[in-house]
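The next block holds one structure in the form of structure tokens; read it before the comments.
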Amino acid sequence: MDAHTGSERSKSDDTTSESGSTRGAEPESALETARRQLDGAADHLDLDPNVVERLRHPTKVQEVTVPIKRDDGTVEVFTGYRAQHDSVRGPYKGGLRYHPDVTRDECVGLGMWMTWKCAVMDLPFGGAKGGIAVDPKQLSDGEKERLTRRFTNEIRGVIGPTRDIPAPDMGTDAQTMAWLMDAYSMQEAETIPGVVTGKPPIVGGSEGREEAPGRSVAIVTRAVCEYYGMPLDETTVAIQGYGSVGANAAHQLDEWDASVVAISDVNGAMYDPDGIDVASVPSHDEEPEAVTRYADTVITNDELLELDADVLIPAAIGNVIDAENADAVEAPIVVEGANGPVTSRGDEILADRDVAVIPDILANAGGVTVSYFEWLQDINRRSWSLERVNEELEVEMLEAWRAIRDTFEERDVTWREATYIVALSRIVAAHESRGLWP
Ligand code: GLU
């Protein structure tokens with residue numbers, strides 16, 4: 001394989017802080033990264049610059065105030081956002097994030113990524129992202145429910161099953177989506193499951209939705225290993241993050257006989273060069289932040305990123321591979337499980353070193369793909385079996401992978417550029433076909 005030369009190890013700061021944007025001396029917002037990636041991909045294509053300029057900006061950003069009564073009777077006021085980036089290919093689609101670092105710009109940048117992600121997967125959706133600047137760990141369940149219901153009401157005018165369909169993201173889950181669906185439905189005086197995806201199956205959610213982003217990370221990892229002639233049963237994998245994406249990717253890869261040598265959570269990483277029995281480590285849902293409690297050998301999250309594994313999967317937070325530590329990444333293949341785990345500068349360094357970086361907008365796109373299946377099930381009032389969901393997910397992932405692989409082979413570009421070229425070509429063609437109104 002052509003990936004990877006040797007590297008000097010450089011020590012970097014601890015990355016286990018939950019902040020996705022302040023690591024080291026290279027703070028970069030998701031919006032800056034997203035715009036830089038757009039410009040980089042546009043340079044490879046003969047695109048109408050007017051359309052590219054439109055894509056640098058969101059269509060609309062809704063900023064709302066969300067007051068809630070805390071359990072102690074006091075009122076606290078939070079700020080929420082819904083950034084709608086582009087809808088040329090269909091209704092806006094993307095997650096809602098509850099995290100202290102949520103900002104308007106972060107939502108716009110993450111919304112742009114959703115536009116590309118849906119286009120990569122050829123789904124009939126545009127891109128959006130939203131959230132509330134709040135630490136959900138500081139709220140009781142009742143407070144989270146009141147927050148979600150009030151937020152839903154504040155953004156009610158801009159969402160809807162044919163307008164903009166939210167989904168889970170960092171800090172939100174199926175229960176959050178069920179409250180959103182209920183709040184929206186109560187106001188509309190009818191049950192409207194298609195307003196949101198990632199709900200529990202009992203209220204119109206899809207089987208397999210929760211596991212889908214991790215599953216797609218595993219499918220893409222298997223495809224890229226095959227491409228580089230690496231049999232999975234001889235491949236070692238280090239995974240940062242043991243939440244929904246990391247744990248499901250770990251379980252699937254383990255089932256396919258890859259050797260998962262490291263997994264981690266916010267407290268640190270479990271490391272075993274002979275392979276971890278991941279089935280015996282409880283997921284975050286079963287026992288939150290328990291990875292290091294089950295470990296014989298504990299290393300830091302920074303050390304995990306620099307392990308001599310065949311594949312590195314950063315599946316926790318953004319901006320963990322940057323100018324400071326990209327030189328120290330030993331793995332020849334990086335598969336992005338989290339959204340935006342590699343900064344622009346980190347990406348340049350990895351590209352110079354011929355590390356194959358498979359981007360987030362392909363790797364974790366199983367989430368929004370099964371969201372699409374869920375939306376179809378809701379519209380048709382007919383649920384699919386888990387087998388059907390997983391089969392169709394596999395088909396969609398491999399189809400997207402093949403389009404990107406062909407572009408990668410035809411042009412002298414990185415995997416990320418190839419992925420953006422596929423996405424952007426579709427979006428720009430749709431814009432050119434529809435034209436500018438009025
Ligand atoms: N939040 C997820 C993502 O970043 C899923 C979005 C969706 O299903 O709409 O892809």
Side-chain angles (χ1 to χ4, degrees), residues 62-71 73 75-84 91-99 102 107 114 125 128-213 244 285 367-368 370-384 389:
Q62 183 95 340
E63 176 175 332
V64 297
T65 296
V66 193
I68 60 156
K69 192 174 265 186
R70 300 293 301 255
D71 292 341
V75 170
E76 196 160 345
V77 178
F78 297 94
T79 304
Y81 307 89
R82 184 68 180 170
Q84 297 174 327
Y92 299 102
K93 186 82 193 80
L96 288 179
R97 178 172 280 211
Y98 289 178
H99 192 280
V102 166
C107 292
M114 286 309 304
F125 288 138
K129 196 72 128 202
I132 303 177
V134 61
D135 182 356
K137 289 184 202 158
Q138 306 297 323
L139 302 180
S140 69
D141 282 352
E143 290 168 336
K144 269 189 273 188
E145 178 174 354
R146 293 196 287 281
L147 185 76
T148 302
R149 288 182 182 281
R150 181 62 189 247
F151 179 52
T152 304
N153 196 51
E154 298 302 332
I155 61 169
R156 189 159 64 91
V158 299
I159 61 173
T162 56
R163 282 189 176 180
D164 181 353
I165 305 128
D169 202 272
M170 268 165 74
T172 59
D173 57 16
Q175 178 60 72
T176 322
M177 300 304 117
W179 290 325
L180 192 158
M181 187 275 242
D182 186 68
Y184 185 85
S185 297
M186 295 310 286
Q187 293 287 357
E188 299 291 322
E190 58 180 305
T191 295
I192 306 179
V195 67
V196 68
T197 58
K199 305 173 292 295
I202 193 72
V203 288
S206 180
E207 297 296 339
R209 171 62 184 81
E210 163 74 19
E211 301 83 7
S244 165
D285 276 353
V368 71
V370 177
S371 276
Y372 170 57
F373 299 161
E374 178 171 333
W375 184 72
L376 292 177
Q377 292 170 67
D378 290 339
I379 290 171
N380 290 307
R381 295 289 199 266
R382 178 140 198 218
S383 60
W384 298 5
V389 168

Any non-hydrogen side-chain atom of [X] less than 4.5 Å from a side-chain atom of [Y]?
X	Y	answer
Asp71	Arg146	yes
Thr79	Glu63	yes
Val134	Val66	no
Pro161	Val195	yes
Trp179	Lys144	yes
Glu210	Asp285	yes
Phe151	Leu96	yes

Spatial distance of atom [atom1] ([X]) from atom [atom2] ([Y]) [nearest 0.5 Å]:
X	Y	atom1	atom2	value
Asp169	His99	CG	NE2	10.5 Å
Glu76	Leu139	CD	CG	7.5 Å
Asp378	Ser206	CG	OG	8.5 Å
Arg150	Ile68	CZ	CD1	10.5 Å
Gln175	Asp141	CD	CG	7.5 Å
Glu143	Arg70	CD	CZ	4.0 Å

Heavy-atom closest contact ([X] atom, [Y] atom, distance):
X	Y	value
Gly131	Val102	C-CG1, 3.9 Å
Met181	Thr191	CE-CG2, 4.2 Å
Glu207	Trp384	CG-O, 3.9 Å
Gln62	Val158	OE1-CG1, 3.8 Å
Trp375	Gly194	CD1-O, 3.5 Å
Phe78	Ala133	CD2-O, 3.6 Å

Donor-acceptor under 3.5 Å ([X] side chain, [Y] main chain):
X	Y	result
Thr172	Met177	no
Lys199	Pro193	yes
Glu374	Val370	no

Query - Stepwise side-chain contact (heavy atoms from CB on, under 4.5 Å) test for Glu188 and Arg156 - result: CA-CA 10 Å; Glu188 299 291 322; Arg156 189 159 64 91; 3.3 Å; yes
Report summary line: Tested for side chain to side chain donor-acceptor pair (under 3.5 Å) against Tyr98, the lone hit among Thr176, Asp173, Thr148 is Thr148
Query - Cationic N near anionic O, under 4.0 Å, Arg82 to Glu154 - result: no
Query - Side-chain H-bond candidate by donor/acceptor type, Ser371 with Arg209, under 3.5 Å - result: yes
Query - Single hit among Ile192, Val196, Ile155 for side-chain contact (heavy atoms from CB on, under 4.5 Å) with Tyr184 - result: Ile192
Report summary line: Residue set satisfying salt bridge (charged side-chain N to carboxylate O under 4.0 Å, His left out) with Asp182, at least two apart, ordered chain then number -> Arg149
